[in-house]
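Ligands are counted one by one from 1 in listed order, and the atoms in each one are counted from 1 as well.
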Amino acid sequence: MATILVTGGAGFIGSVAVKTLLSNGYSVVVVDNLSKGKKDLVDSKAKFYELDLVDDLSKVFEENKIDAVIHFAAYKAVEESMENAVKYSSNITGTINLLNRMVEHNVKKIIFSSSAAVYGEEKGVISEDNETNPCNYYGFTKLECEKIIEWYGKVYGIGYVSLRYFNVAGDGGLKYMDPDAKNIFPIIMEVLVGKREKVVVFGNDYDTRDGTCIRDYIDVTDLVKAHILALDVDYNGVINLGTSKGVSVKELVDWTSEVIGKQVPFEYGDRRAGDPPTLIASNEKALKVLNWKPERSVKDMIKSTYDAYKQRV
Ligand SMILES: NC(=O)c1ccc[n+]([C@@H]2O[C@H](COP(=O)([O-])OP(=O)(O)OC[C@H]3O[C@@H](n4cnc5c(N)ncnc54)[C@H](O)[C@@H]3O)[C@@H](O)[C@H]2O)c1
C-alpha cells in the first residue's frame with residue numbers, strides 16, 4: 001500500500017487523518033513541529049519527525065519512499081496572522097520547501113488544506129467560482145499556496161487537490177481538546193466544562209434569521225474522508241468542503257443546550273470586524289468530483305465534541 005506523508009499530523013485534523021489512513025492500510029509518515037500539535041495524538045504506527053516545514057526535509061524523503069503528501073501543517077489563527085505576518089509567511093515558505101523536496105524525489109501528488117478564508121468577505125452560498133479576495137494574512141497565505149501548488153502542477157506534473165474547508169468541528173475519536181480555543185465550537189465546550197463563564201456571541205443585528213452569523217459546520221471525520229478520496233481522483237483543482245447547510249451561532253448555542261441537557265450561558269457582544277453574515281459552502285463539486293457526501297449533523301458534532309471535552313477535563 002502507498003506511503004503518505006502527512007504534514008501537521010499531530011494537529012486536530014491531521015491526527016484524525018493519520019488514524020484513518022492507517023486503518024485504510026496506508027503507511028504514514030508525519031512531520032510536525034509540535035507548535036500546536038501533540039505527539040500523543042499521533043498514532044504510534046506512524047513514523048514521526050519533529051521538524052518545521054522550513055527545515056531541511058531531505059531525510060524524510062530519503063528515509064521513506066513517499067507516494068503522496070497530505071499537507072495540513074500551517075499556522076491558522078486569523079487575528080495572530082494580522083499581528084505576526086513573519087510567522088505566517090512560513091505557511092508559504094514551508095509549502096515551497098515541501099514542494100521542492102517533492103520535485104527532487106519525484107512525488108507526484110499533493111492534497112492541500114486550504115480554507116474558506118480565501119473568499120474574504122464573500123457572503124451567502126459560495127462556490128469555487130466565487131471571487132477570491134482574502135481579508136486577512138492567513139487567508140492570503142492559503143491562496144498563495146494554492147497558486148504555487150497549481151504552478152508546480154503545471155511545471156512538474158504534480159497532481160493536486162486544494163480543499164477549501166469551511167468550519168471544521170466534531171471529534172474524530174481521539175478526544176481532541178483545542179489547547180487555544182478561538183472558534184465557537186471549542187468556546188461553547190469550554191463553557192460547558194466550566195473552563196469559561198459564558199459564550200460571547202459577536203453581533204445579533206446581522207441580516208440573518210435571528211440576527212447572528214450563519215456558518216457551515218463540517219465534521220472532521222467526514223472532512224478527512226474527502227482527503228482519502230482525493231488521493232485517488234484524477235482531477236487537479238480546488239474543491240470546497242462543507243455541508244451546504246447553514247447554522248446560526250444562536251442556533252448552535254440553543255442546540256447545544258438541548259442536546260447536552262445543560263443551559264449554555266451566553267451574551268451578545270459587538271460585531272467583529274470582517275465577519276460576513278453568512279458563509280455556506282456549495283459542495284456540489286465535492287459531491288461530483290470526489291463522490292463524497294458529508295454524513296454527520298451538527299447535533300452529532302455537538303455530542304462527539306462534548307464527549308471529548310468531558311473526558312479530557
Ligand atoms: N480547523 C478548521 O476549522 C480549519 C478550517 C480551514 C482550514 N484549516 C486548515 O487545516 C489545516 C489543519 O488545521 P487544524 O485545525 O488541524 O490545525 P492544528 O493547529 O490543530 O494543526 C496544524 C498542525 O500543524 C503543525 N504546524 C504548524 N506550522 C507548522 C510548520 N511550519 N511546520 C511543521 N508543523 C507545523 C502544528 O503543530 C499542528 O500540529 C491547517 O492548514 C488549517 O489552516 C482548518
ask   = Does a side-chain N-to-carboxylate-O contact under 4.0 Å join Glu146 and Arg164?
value = yes

Nearest non-hydrogen protein atom to atom 22 (C) of ligand 1, with distance, is Ala74 O, 3.9 Å

Margin query: Under 4.0 Å, counting heavy atoms only: does Tyr176 come that close to any atom of ligand 1?
Written below: yes

Mind checking whether His227 and Tyr165 have ring centres under 6.0 Å apart?
yes

| query | Under a heavy-atom criterion of less than 4.0 Å, does Asn183 contact ligand 1? | reply | no

Within the 4.0 Å heavy-atom cut-off, what Val31 brings close to ligand 1 is neither

So, are Lys39 and Glu50 salt-bridged, with charged N and O less than 4.0 Å apart?
no

Next on the checklist: Less than 6.0 angstrom separating the ring centers of Tyr306 and Tyr309, yes or no?
Outcome noted: no

Ranked by distance from atom 29 (C) of ligand 1, the top protein heavy atom is Asn33 ND2, 3.3 Å

Contact region, Tyr138 to ligand 1, non-hydrogen atoms below 4.0 Å, reads side chain

Here the gap from Arg296 atom CZ to Met301 atom CE, rounded to the nearest 0.5 Å, amounts to 9.0 Å

among protein heavy atoms, the one nearest atom 20 (O) of ligand 1 is Phe12 N, 2.9 Å

Please verify whether a non-hydrogen atom of Ser114 lies at under 4.0 Å from ligand 1.
-> yes

Quick note on ligand 1: atoms under 4.0 Å from a heavy atom of Gly8 include exactly 23 (C), 24 (O)

Looking only at protein heavy atoms, what sits closest to atom 39 (O) of ligand 1 is Asp32 OD2, 2.6 Å

query: Salt bridge check: are Lys147 and Glu150 linked by an N-O gap of less than 4.0 Å?
result: no

min-distance protein heavy atom vs atom 32 (N) of ligand 1 -> Leu53 N, 2.9 Å

Note: Leu51, heavy atoms under 4.0 Å from ligand 1, region reported as backbone

heavy-atom search around atom 21 (O) of ligand 1 in the protein gives Gly11 CA, 3.5 Å

The atoms of ligand 1 lying under 4.0 Å from a heavy atom of Leu34, numbered in the order shown, are 37 (O)

message = Please determine whether a side-chain nitrogen of the Lys or Arg among Glu251 and Arg209 lies less than 4.0 Å from a carboxylate oxygen of the Asp or Glu.
response = yes

Rounded to the nearest 0.5 angstrom, the CG-CD distance for Leu279 and Glu121 is 9.5 Å

request  = Using non-hydrogen atoms of the residue, decide whether Gly94 is closer than 4.0 angstrom to ligand 1.
outcome  = no

Any N/O pair Ser90/ligand 1 closer than 3.5 Å:
no

For this session: Output, in order, the C-alpha distance, side-chain angles, deciding distance and verdict of salt bridge (charged side-chain N to carboxylate O under 4.0 Å, His left out) for Asp178 and Lys36.
Result: CA-CA 9 Å; Asp178 195 327; Lys36 181 151 180 210; 3.3 Å; yes

> Any Lys/Arg nitrogen of Asp40 or Lys38 sitting under 4.0 Å from an Asp/Glu carboxylate oxygen of the other?
Replying inline: no

min-distance protein heavy atom vs atom 15 (O) of ligand 1 -> Lys76 NZ, 2.7 Å

The single option from Tyr176, Tyr217, Phe12 that satisfies ring pair (Phe, Tyr, Trp, His ring centres under 6.0 Å) with Phe185 is Tyr217

Would you say Arg164 contacts ligand 1, with heavy atoms under 4.0 Å as the rule?
no

for atom 40 (C) of ligand 1, nearest protein heavy atom and its distance come out as Phe72 O, 3.0 Å

For Ile214 and Gly246, the nearest pair of non-hydrogen atoms, with its separation, is CG2-CA, 3.5 Å

